[in-house]
2 protein chains.
Amino acid sequence: MRNKPDTRSKLLDAAARLFYAHGISATGIDAVIAEAGVAKMSLYNNFESKAGLVQAYLEARHQQWLDLYRARLGEEPGGHDGVMAVVGAYLDHAEAGYEHGFRGCGLLNAAAELEASDPGRKIVAAHKEEVEQFLQGHLGKLTSPDTARDLAERISYLLEGAISRAGLEGDSRRLRRAGDMISSMVRAL
Amino acid sequence: MRNKPDTRSKLLDAAARLFYAHGISATGIDAVIAEAGVAKMSLYNNFESKAGLVQAYLEARHQQWLDLYRARLGEEPGGHDGVMAVVGAYLDHAEAGYEHGFRGCGLLNAAAELEASDPGRKIVAAHKEEVEQFLQGHLGKLTSPDTARDLAERISYLLEGAISRAGLEGDSRRLRRAGDMISSMVRAL
DNA sequence: GTCCAATTAGACCGATCCGTCTACCAACTG
DNA sequence: CAGTTGGTAGACGGATCGGTCTAATTGGAC
């Protein structure tokens, strides 16, 4: 195996930057390899096609969110803290300092330019479903299963709506306001 | 002036179908004119460029939403009915029977593939802001201005989040559930 | 030192991109 | 009638698209 700089990672990082900033279809293969500083054949050695690179991008983005979430999540968090760890992961993503500006949730943006039948949409749908499950788990410590389920759904909508509107405006303020709403909803349980 | 079939409308309708179903960058000019059944020069007689066509698409989509909303809005609606007219417009869009499937809010999807600096994003941001203002106006009939403002913001997030998740799943169920949440929130005022 | 697998730069492919241009045509206006 | 307007069909251009290929080079593993 070759040593560290890791061609595949360079490609994935470059693709992530460009896909997020300019969109997926607007980003050509040549732009990705130039940004990665890598030969074109290296892309096709590591990924089956552009679609394969997109798939890997979606999965990496999902994993990144999980990492942010786990970093926010202490051990044995209470219900309120657990919910706020989810909110915190959204805030971290929004405030990550993108070169070309914050443009909302990368996974939602990607899904928005994929055909209805594209398997990438399922990845994004599953990711959002998993986030809702995390919320439901935390809320279950504070209230009945039925209430936890309903509230998790409601909080999911608040978060996704807030990050969409925040993306349109280019900053995280609306996400912070949604976080405040969510915090007080959970505290009121 | 030429008579009815109206070349410009044919182009705008064709562009709307293709842009919504396949995304904007993935839709070429040649596909648009083929779908419209129109010569290429007719596109450039009616629009400055593809970007101009996109701009017109965004404005038309905004106008369509306003039409759906006004159709739902009786005269002198009460606060609850007014809010539910907004919700109804979202539902109408979701259930409009797209050839290639429901894929969420066309304006959010479009914004998702526009650069942060693209003027089209401002159109979408302003549209969402206007929707929130409508909500605030209706809620103002039922409660204090401060509460109306806060609740309008919250309902906006619920709606945008619900339509995003509904789009990922390809049907309007999540939007209906959000509508139920919103209805009971407003009734509780 | 020899081998091997990964990487390199870049030529090359056919297809498609957005946009321009020409030449012709149909319908309405005066 | 002549003139104007907006449409048609399609060739054309240069750029870029995703993807393949070759030939030379690299850096361990043995």
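Protein chains get the first letters and strands the later ones, always in sequence-line order, with residue 1 at the start of each. Reckoned from all heavy atoms, side chains included, excluding hydrogens, waters and symmetry mates.
Distances from the side chain of A/Met41 to the nucleotides C/dG10, D/dG7, C/dT7 place C/dG10 closest. Between D/dG18, D/dT22, C/dC17, one nucleotide has an atom nearer to the side chain of A/Tyr44 than all others, and that is D/dG18. Considering only the side chain of B/Ser49, C/dG19 comes nearest among C/dT7, C/dG19, C/dG10.
For B/Lys40 and C/dG19, a side-chain-to-base donor-acceptor distance below 3.5 Å is present, hydrogens and geometry of angles not being considered.
Rounded to whole Å, atom P of C/dC21 lies 13 Å from atom CG of B/Asn45. Summarising the geometry, the separation between CG on A/Asp6 and P on C/dA6 is reported as 13 Å, rounded to the nearest angstrom. As rounded to whole Å, 12 Å separates atom C1' of C/dC18 from atom CZ of B/Phe19. The NZ atom of B/Lys50 sits 19 Å away from the P atom of D/dA15 (whole-angstrom rounding). Here the P atom of nucleotide D/dG18 and the CG atom of A/Leu43 are 10 Å apart, to the nearest Å. Distance CG (B/Leu11) to C1' (D/dG6): 13 Å, rounded to an integer number of Å. Between the CG atom of A/Asp30 and the P atom of D/dT20 there is a distance of 14 Å, given to the nearest Å. Rounded to whole angstrom, the span from the CD1 atom of B/Ile33 across to the P atom of D/dG7 amounts to 14 Å.
Residue contacts for A/Thr27: at a heavy-atom cut-off of 4.0 Å it reaches the sugar-phosphate backbone alone, with no base atom in range.
Between the side chains of A/Gln133 and A/Glu129, at least one donor N or O sits under 3.5 Å from an acceptor N or O. Between the side chains of A/Arg174 and B/Tyr157, a donor-acceptor pair is found at a separation under 3.5 Å.
In this structure, A/Ser42 reaches the C/dT8 phosphate: one of its side-chain N or O atoms is under 4.0 Å from OP1 or OP2.
Comparing A/Ala26 and A/Glu48 by the nucleotide of DNA chain D whose heavy atom lies nearest to each, the residue mapping closer to the 5' end is A/Ala26.
A salt bridge links B/Glu95 and B/Arg176; the closest N-O separation between the charged side-chain nitrogens and carboxylate oxygens is under 4.0 Å. A salt bridge links B/Glu132 with A/Arg165: the distance from a Lys NZ or Arg NE/NH1/NH2 to an Asp or Glu carboxylate oxygen falls below 4.0 Å. Taking a cutoff of 4.0 Å between a charged side-chain nitrogen and a carboxylate oxygen, B/Arg103 and A/Glu113 do not qualify as a salt bridge.
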